[in-house]
Amino acid sequence: MTKDDLARAREWLAEAQSVTVLTGAGVSAESGIATFRGPGGVWEKVNPMELASSEGFRRDPRKVWAWYNARRRQLLEARPNPGHYALVELEKRVPCFGLITQNVDRLHQAAGSRNVVELHGNIWEVRCTGCGRLEDRTGVELPDEPHCDHCGAWLRPNVVWFGEELPSGAWRLAEEWTRRADVFLVVGTSAEVWPAAGLIYLAKDAGAKIIEINPEDTAATKVVDLALRGPSGQILPQIVPA
Ligand code: BJW
Ligand code: ZN
């Protein structure tokens, strides 16, 4: 990556009428939140199908809740990093802006991003597996075995696990924002999880310029127009137009 690459990214963003951003776990890495894949990633130590699937939850809900409660506690201490804040600034400078995130941590909203769509739900809401009630339990310490006050069934985190459909409203909005983008930023995602990764190819087909920000190559690198290699907390603040 050269100084020219950063200047080019800044210029594309300054000229764009519509910018859409897709973020993944890497954008929160500098806030101390582990990514899923790669060295030090969560899936190195635990099997994704045990912790992030409805089959795994049915088999051992206590184990799944122990993991989510630990992550909720860790997030209480976590703060947005310069990458999150740079995206807040970008939103203020671009006429039409949308931020699509796969993250469940709500750190984009904590930083001040407004036009955010959550593809994989969020970790703060809980949903009843019996009566379907949705409740916001932001910042609340949950019991080890959370159950519904109304029907007594197990509660689950309101996130999207493997094999589950994405929330239809969120997905529709994500597709719309992707199709309208002049510039599509792909930040801190391995681009291995579908259908989220498919948005990158949709943006490409719709004619957007695609910029990837990631320390590593990803499954989508071959289709991007510009790859900026480095941590998003360092790169993003350098490409937001003045
Ligand atoms: C940095 C950095 C720094 C480090 N700065 N960067 C089509 C093809 C193949 C498979 C499928 C397909 N369609 C569906 C599937 C199956 C499946 C899937 O994609 N599997 C693949 C893994 C093979 N998809 C699904 O099941 C989805 N549902 C679905 O398709 O429904 C329709 C359907 C239903 C029934 C039958 C068939 C179809 C649902 C996917 C749900 C994903 N859920 C999780 C857990 C969420 C809850 C939680 O957090 O607890 O979502 S899994 C996990 O992966 C999480 C993430 O949002 C998601 C994406 O990961 P992400 O964000 O990309 O993170 P990493 O760790 O992969 O990458 C981090 C990156 O950061 C790396 O590149 C680093 O280099 C970088 N990085 N430091 C910037 N400082
Ligand atoms: Zn209930």
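Here the structure is a predicted model, which is why all the values come from computation and not from measurement. For ligands, and for the atoms within them, numbers begin at 1 and follow the listed sequence.
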Worksheet entry | For W161, the ligand 1 atoms whose distance to one of its heavy atoms is below 4.0 Å | 39 (C), 41 (C)
Discussion item. Please confirm whether G41 approaches ligand 1 to less than 4.0 Å, judged on its heavy atoms.
Written reply: no
Worksheet item: What atoms of ligand 1 come closer than 4.0 angstrom to any heavy atom of Q102?
Response: 57 (O), 59 (C)
Practice prompt. Check P231 against ligand 1 and report side chain, backbone, both or neither, counting heavy atoms closer than 4.0 Å.
Written response: both
Discussion item. Using heavy-atom distances only, which candidate in E118, E192, E165, H120 approaches atom 23 (C) of ligand 1 most closely?
Written reply: E192
Worksheet, complete the sentence: G24 heavy atoms within 4.0 Å reach ligand 1 at atoms 62 (O)
Discussion item. Please report whether ligand 1 has a polar contact with E164, defined as an N or O pair separated by less than 3.5 Å (distance criterion only).
Written reply: yes
Worksheet item: For atom 59 (C) of ligand 1, is the nearest protein heavy atom under 4.0 Å away?
Response: yes
Worksheet item: With backbone taken as N, CA, C and O and side chain as the heavy atoms from C-beta onward, which portion of V159 lies under 4.0 Å from ligand 1: side chain, backbone, both, or neither?
Response: side chain
Discussion item. Nearest 0.5 angstrom please: L236 CG to L87 CG, how far?
Written reply: 5.0 Å
Item to complete: Provide the number and element of each atom of ligand 1 under 4.0 Å from a heavy atom of P195.
Response: 30 (O)
Worksheet item: Parallel, tilted or perpendicular: which describes the rings of F162 and W43, with under 30° parallel and over 60° perpendicular?
Response: tilted
Discussion item. Considering non-hydrogen atoms of the protein only, which is the closest contact for atom 52 (S) of ligand 1, and what is the distance?
Written reply: F162 CZ, 3.5 Å
Worksheet item: Does ligand 1 have any atom sitting under 4.0 Å from a heavy atom of Q234?
Response: no
Practice prompt. Determine, considering heavy atoms only, which of W171, W194, Y68 sits nearest to atom 18 (C) of ligand 1.
Written response: W194
Worksheet item: Is atom 37 (C) of ligand 1 less than 4.0 angstrom from some protein heavy atom?
Response: no
Item to complete: Number the atoms of ligand 1 from 1 as they appear, then name those within less than 4.0 Å of a heavy atom of E216, with their elements.
Response: 75 (O)
Fill in: A29 neighbourhood, listing ligand 1 atoms whose heavy-atom distance to it stays under 4.0 Å
78 (N), 80 (N)
Worksheet item: Quick one: does A25 get an N or O within less than 3.5 Å of an N or O on ligand 1?
Response: yes
Fill in: V104, portion touching ligand 1 at heavy-atom distance under 4.0 Å
side chain
Worksheet item: Any N or O on W43 sitting closer than 3.5 Å to an N or O of ligand 1?
Response: no
Discussion item. Pair W194, Y201 - check ring pair (Phe, Tyr, Trp, His ring centres under 6.0 Å), show working.
Written reply: CA-CA 11 Å; W194 288 72; Y201 306 89; 5.6 Å; yes
Worksheet item: Has ligand 1 got any nitrogen or oxygen that is less than 3.5 angstrom from a nitrogen or oxygen of F36?
Response: yes
Discussion item. Please check this pair: side chain of W65 against backbone of L155, looking for a donor-acceptor N/O pair closer than 3.5 Å.
Written reply: yes
Practice prompt. Just go through T35, N214, T101 and tell me whose heavy atom is the nearest to atom 74 (C) of ligand 1.
Written response: N214
Item to complete: Select the closest option to atom 65 (P) of ligand 1 among R37, E30, R71, judged by heavy-atom distance.
Response: R37
Worksheet, complete the sentence: In this structure, atom 63 (O) of ligand 1 is nearest to the protein heavy atom T189 OG1, 2.6 Å
Worksheet item: When you measure from atom 44 (C) of ligand 1 to each heavy atom in V160, N81, V193, which option holds the nearest one?
Response: V160
Worksheet entry | Any N/O pair G163/ligand 1 closer than 3.5 Å | yes
Worksheet item: Evaluating non-hydrogen atoms only, which member of G38, G121, P215, S31 is closest to atom 6 (N) of ligand 1?
Response: P215
Practice prompt. Could you tell me whether any N, O or S atom belonging to C131 is less than 2.8 Å from the Zn ion (ligand 2)?
Written response: yes
Item to complete: Measure the spacing between CZ of F36 and CD of E44 and express it to the nearest 0.5 Å.
Response: 14.0 Å
Worksheet item: Would you say G188 has any N or O atom under 3.5 Å from an N or O of ligand 1, going by distance alone?
Response: yes
